[in-house]
Participant: 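Shown below is the structure under consideration.
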Amino acid sequence: MVRRERDRTADELRADFVVVGAGVAGLTAAVCAAEAGLRVVVLNKGPTWRPDRAEQSTATHYAQGGIAVVEPANREDSVDLHVADTVAAGAGLTDPSATRPILADGWSAVSALIGWGAEFDRRPDGALARTREGGHSVRRIIHAGGDATGAQVQRTLGRRLASAAAYLDLTCVDDSSATAILRADGHTVGVAFRTRGHDRLVHAPTVLLATGGSGHLYAATTNPVGATADGIALALRAGAVVADMEFIQFHPTMLYVPGARGRRTLISEAVRGEGGRLVDADGRTVTDGVHPMGDLAPRDVVANAIEARLATTGAPCVYLDVRTIADFRSRFPTVTAGVADAGLDVETGLIPVVPGAHYQCGGVLTDVDGRTAVPGLLAAGEVARTGLHGGNRLASNSLLEGLVMGRRAAAVAVSRRDRRVVDASGASIAELPALSREGLQDNMSGAVALRRGADGLQRVASRLQSAGRRPMVTDVDVEDAALTLTARVVVAAAQARAESRGCHARTDHPRTDPDARSRCFGWIDGDITECDRADALIATEALVS
Ligand code: SIN
């Protein structure tokens with residue numbers, strides 16, 4: 001039984017380690033740190049986790065395809081090959097100091113998850129079943145429940161959290177949103193948060209942001225409702241630096257439902273890995289001649305090919321032709337259910353799809369152990385920019401990164417356990433600039449989606465800059481402020497990058513510069529300001545202590 005907030009009603013809590021977020025990175029970190037003897041508090045934005053809820057609050061739950069990992073027994077694969085595929089997808093911006101160590105740690109992180117009870121699909125001979133997704137040169141994606149891999153990961157971690165909390169000092173505070181990172185003398189000393197409208201504090205020397213992504217910057221996304229860029233805003237306001245924020249990955253195949261907003265069903269890339277083909281309304285292939293890997297090219301390539309076909313035909317969607325996939329319903333039960341929920345039937349063999357906002361490739365700049373530029377503040381999972389994804393994440397590398405970086409963040413927290421914490425007070429937020437949710441999403445979807453041009457970017461930048469200040473009364477106010485600040489940094493980064501690369505396609509700058517470099521931004525003197533990466537990381541404790 002996880003100790004929940006009703007067991008601890010104090011307005012001020014104390015811990016050795018606070019984890020903001022309850023997806024793969026957060027729960028992995030929380031369990032590992034508690035097992036190492038730390039007092040851990042998890043701030044869970046969603047309600048008390050139950051596997052049977054119709055809507056879940058973490059992106060982890062909704063991950064379908066699987067976990068990309070090199071299994072030592074797989075003679076066709078190697079960490080070198082996985083690194084090469086990741087670098088090829090990343091469009092020149094993967095960071096070699098992060099890519100190899102994270103991928104090389106993958107198998108031990110997955111083995112630990114299996115040790116905690118995760119059940120992956122297996123072949124009749126008992127070996128792990130593996131599929132392929134875009135950009136992978138071999139079948140290396142392990143999966144669970146057909147296309148319910150994330151749900152299996154979330155369930156395993158949820159259960160492990162519950163059993164660990166029965167005998168360790170691990171508290172999960174549900175329905176709680178972080179509102180500010182507390183600092184004293186530049187060091188992290190805790191988190192201000194809100195539980196169902198009630199302002200509270202938790203004091204701790206180490207805080208991990210594991211808040212997920214920012215899909216709700218856009219009108220339609222594969223992300224759950226809470227993916228509102230909270231961690232980016234918290235980090236920027238605390239003085240951390242973000243990088244590669246212009247690279248928002250659009251998944252090529254989000255279910256097309258006319259006029260729909262909010263979370264939409266993902267149609268896993270594994271559907272193409274098992275033989276599904278992208279065709280237009282006339283049955284013509286969409287990606288022929290675009291890339292040697294065809295429908296299994298990296299995501300940016302496939303999404304742009306779809307966008308180009310929609311522009312030439314004027315059609316609202318293309319189709320995934322799944323008629324050649326045997327036993328589609330049992331291999332892809334999550335997709336089948338999502339399609340049925342939209343009133344469609346996979347039996348027709350043609351699933352209508354469009355590209356949809358899916359993953360934030362950039363994020364809070366960290367080193368390979370999750371340290372940000374603010375001592376004591378860590379980031380892991382989608383909110384973080386380790387350098388693994390570069391300008392376009394390789395499919396199914398994200399659950400792997402969450403597992404690996406969650407463990408690494410826990411190790412950092414353990415190494416900091418004896419730091420003295422100066423109590424910081426208050427940090428309640430009064431008013432912040434915030435656009436209306438729909439207005440912001442329409443602006444971002446119209447001019448800062450798959451393709452961007454200088455005029456549209458400038459229009460959205462002006463709109464964002466003119467956002468009025470709003471009292472931060474409700475959780476929605478706090479989310480809207482986070483989305484507004486994050487949109488500003490996405491737009492600033494997109495304006496600064498006058499080239500096309502990875503997920504960032506500029507209609508006015510279609511060429512790719514020979515010189516590839518990441519761009520970093522901070523929130524300095526009340527404005528989004530570009531800063532030097534070396535200066536940004538110089539502040540990490542690893543380098544200063
Ligand atoms: C998918 O199943 O296509 C999603 C996997 C991912 O985003 O990594």
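Counting starts at 1 for both ligands and their atoms, in listed order. Fair warning: this is a prediction, and the values are worked out from it, not measured in the lab.
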Participant: What are the atoms of ligand 1, with element, lying closer than 4.0 Å to any heavy atom of Ser268?
Facilitator: 1 (C), 2 (O), 3 (O)
Participant: Are Arg329 and Glu347 close enough for a salt bridge, meaning some N to O gap below 4.0 Å?
Facilitator: yes
Participant: Check the surroundings of atom CD in Glu55: do more than 12 heavy atoms from other residues, nucleotides or ligands lie under 6.0 Å from it?
Facilitator: yes
Participant: Please identify each residue that fulfils ring-ring contact (aromatic ring centres under 6.0 Å, His included) with Phe521, with sequence neighbours left out.
Facilitator: none
Participant: At the 4.0 Å heavy-atom cut-off, does Leu266 count as touching ligand 1?
Facilitator: yes
Participant: Quick check on Ala395 - does any of its heavy atoms sit under 4.0 Å from an atom of ligand 1?
Facilitator: yes
Participant: Heavy-atom contacts with Glu269 under 4.0 Å: which atoms of ligand 1 show up? List them by number with element.
Facilitator: 1 (C), 2 (O), 3 (O)
Participant: Contact between ligand 1 and Arg299 is defined here as a heavy atom of the residue under 4.0 Å from a ligand atom; is it met?
Facilitator: yes
Participant: Look at Asp295 together with Arg277 and state whether they make a salt bridge at an N to O cut-off of under 4.0 Å.
Facilitator: no
Participant: Work out whether the distance between some heavy atom of Gln249 and some atom of ligand 1 is less than 4.0 Å.
Facilitator: no
Participant: With atoms numbered from 1 as shown, which atoms in ligand 1 lie under 4.0 angstrom from a non-hydrogen atom of Ser396?
Facilitator: 5 (C), 6 (C), 8 (O)
Participant: Restricting to side-chain contact (heavy atoms from CB on, under 4.5 Å), what partner residues turn up for Arg139, sequence neighbours left out?
Facilitator: Arg130, Thr131, Arg132, Glu274
Participant: Is the ring pair His358/His251 parallel, tilted or perpendicular, if the boundaries are 30 and 60 degrees?
Facilitator: perpendicular
Participant: Any chance the rings of Tyr359 and His389 have centres within less than 6.0 Å?
Facilitator: yes
Participant: Is it the case that ligand 1 has an N or O less than 3.5 angstrom from some N or O of Arg393?
Facilitator: yes
Participant: Can you find a heavy atom in the side chain of Met405 that is under 4.5 Å from one in the side chain of Ile102?
Facilitator: yes
Participant: Using a strict cut-off of 4.0 Å, indicate which atoms of ligand 1 neighbour a heavy atom of Gly65.
Facilitator: 1 (C), 2 (O)
Participant: Provide the number and element of each atom of ligand 1 under 4.0 Å from a heavy atom of His251.
Facilitator: 1 (C), 3 (O), 4 (C)
Participant: I want to know if ligand 1 touches His358 in the polar sense, i.e. an N/O pair below 3.5 angstrom.
Facilitator: yes
Participant: Please could you name the atoms of ligand 1 that Gln64 approaches to less than 4.0 Å, counting only its heavy atoms?
Facilitator: 2 (O)
